[in-house]
Amino acid sequence: MSDCLFCKIIAGEIPSAKVYEDDQVYAFRDIHPMAPTHVLVVPRHHIVSMAAVGEADDAQLAACLRACSAVALQEGLVNGFRVVTNCGPDACQSVQHLHFHVLGGKQLSEKMD
Ligand code: AMP
């Protein structure tokens with residue numbers, strides 16, 4: 001998608017701090033980190049959100065989850081981590097390209113809202 005921020009980051013048109021990549025996934029540090037480790041795991045192929053994964057390739061979705069785990073391992077999050085994806089306005093999704101926040105490196109809040 002030509003007007004998508006994360007598509008531009010994946011294409012290298014906008015700089016990012018790369019953490020991990022493979023043929024299906026690109027992962028980079030969130031520009032406004034909410035934890036000592038805050039990485040965004042993004043499928044290379046444009047998918048709007050969790051609401052649209054019914055149209056997505058199974059291998060690509062599985063690759064996203066495996067990449068979250070690989071990022072956590074690579075970042076040394078041995079004491080645990082959280083994976084979050086915001087979907088739609090009620091969840092405050094601000095970038096309309098599916099992404100998974102990998103958060104860790106501190107004791108995270110019990111609150112999920
Ligand atoms: P969400 O609000 O769940 O859609 O998450 C979008 C995330 O993208 C936010 O946490 C932003 O801080 C992050 N973000 C926005 N622009 C950039 C950027 N250029 N590089 C890295 N992270 C970004």
Exercise. Does any pair with a residue in residues 55-106 pass ring-ring contact (aromatic ring centres under 6.0 Å, His included), and if so which ones, sequence neighbours excluded?
Worked result: F6-H99, H38-H101, H46-H97, H99-H101
Exercise. With sequence neighbours excluded, what pairs up with T85 under the side-chain hydrogen bond (donor to acceptor under 3.5 Å, both in side chains) test?
Worked result: none
Problem set entry | Shared hydrophobic cluster, M50 / V83 (ILVMFWY, side-chain heavy atoms < 4.5 Å) | yes
Exercise. What salt bridge (Lys or Arg N to Asp or Glu O under 4.0 Å) pairs are there with at least one residue in residues 51-61, not counting sequence neighbours?
Worked result: none
Let me check something: any side-chain donor-acceptor pairs from residues 59-74 under 3.5 Å, sequence neighbours excluded? List them with distances.
| residue | atom | partner | partner atom | Å |
| --- | --- | --- | --- | --- |
| Q60 | OE1 | H45 | N | 3.3 |
| Q74 | NE2 | V19 | O | 2.5 |

Exercise. Can you name the side-chain contact (heavy atoms from CB on, under 4.5 Å) partners of A51, sequence neighbours left out?
Worked result: S49, C87
For this session: Could you name each residue pair satisfying salt bridge (Lys or Arg N to Asp or Glu O under 4.0 Å) that touches residues 79-89, not counting sequence neighbours?
Result: none
For this session: Please name the pair of heavy atoms, one in I47 and one in A56, separated by the smallest distance, quoted to 0.1 Å.
Result: CD1-CB, 3.5 Å
Exercise. Given the rule in the side-chain contact (heavy atoms from CB on, under 4.5 Å) test, do V42 and L98 qualify, once you have shown the distances and angles that lead to the verdict?
Worked result: CA-CA 6 Å; V42 183; L98 178 66; over 6 Å; no
Exercise. Under the side-chain hydrogen bond (donor to acceptor under 3.5 Å, both in side chains) rule, what pairs show up with a residue in residues 104-113, not counting sequence neighbours?
Worked result: none
Seminar exercise, completed: Output for pair (S16 OG, I10 CD1), nearest 0.5 Å, gives 9.0 Å
Exercise. Can you tell me if Q93 uses its side chain to pair, donor with acceptor, with the backbone of V48 under 3.5 Å?
Worked result: yes
Exercise. Linking I/L/V/M/F/W/Y whenever their side-chain heavy atoms sit closer than 4.5 Å, directly or via other members, would V39 and M34 fall into one cluster?
Worked result: no
For this session: Scan for salt bridge (Lys or Arg N to Asp or Glu O under 4.0 Å) pairs involving residues 24-53, sequence neighbours excluded, and state none if there are none.
Result: E21-R44, R29-E75
Problem set entry | Shared hydrophobic cluster for V53 and V102 (ILVMFWY, side-chain gaps under 4.5 Å) | yes
For this session: Just jot down the side-chain hydrogen bond (donor to acceptor under 3.5 Å, both in side chains) partners of D22, sequence neighbours excluded, or say none.
Result: Y20
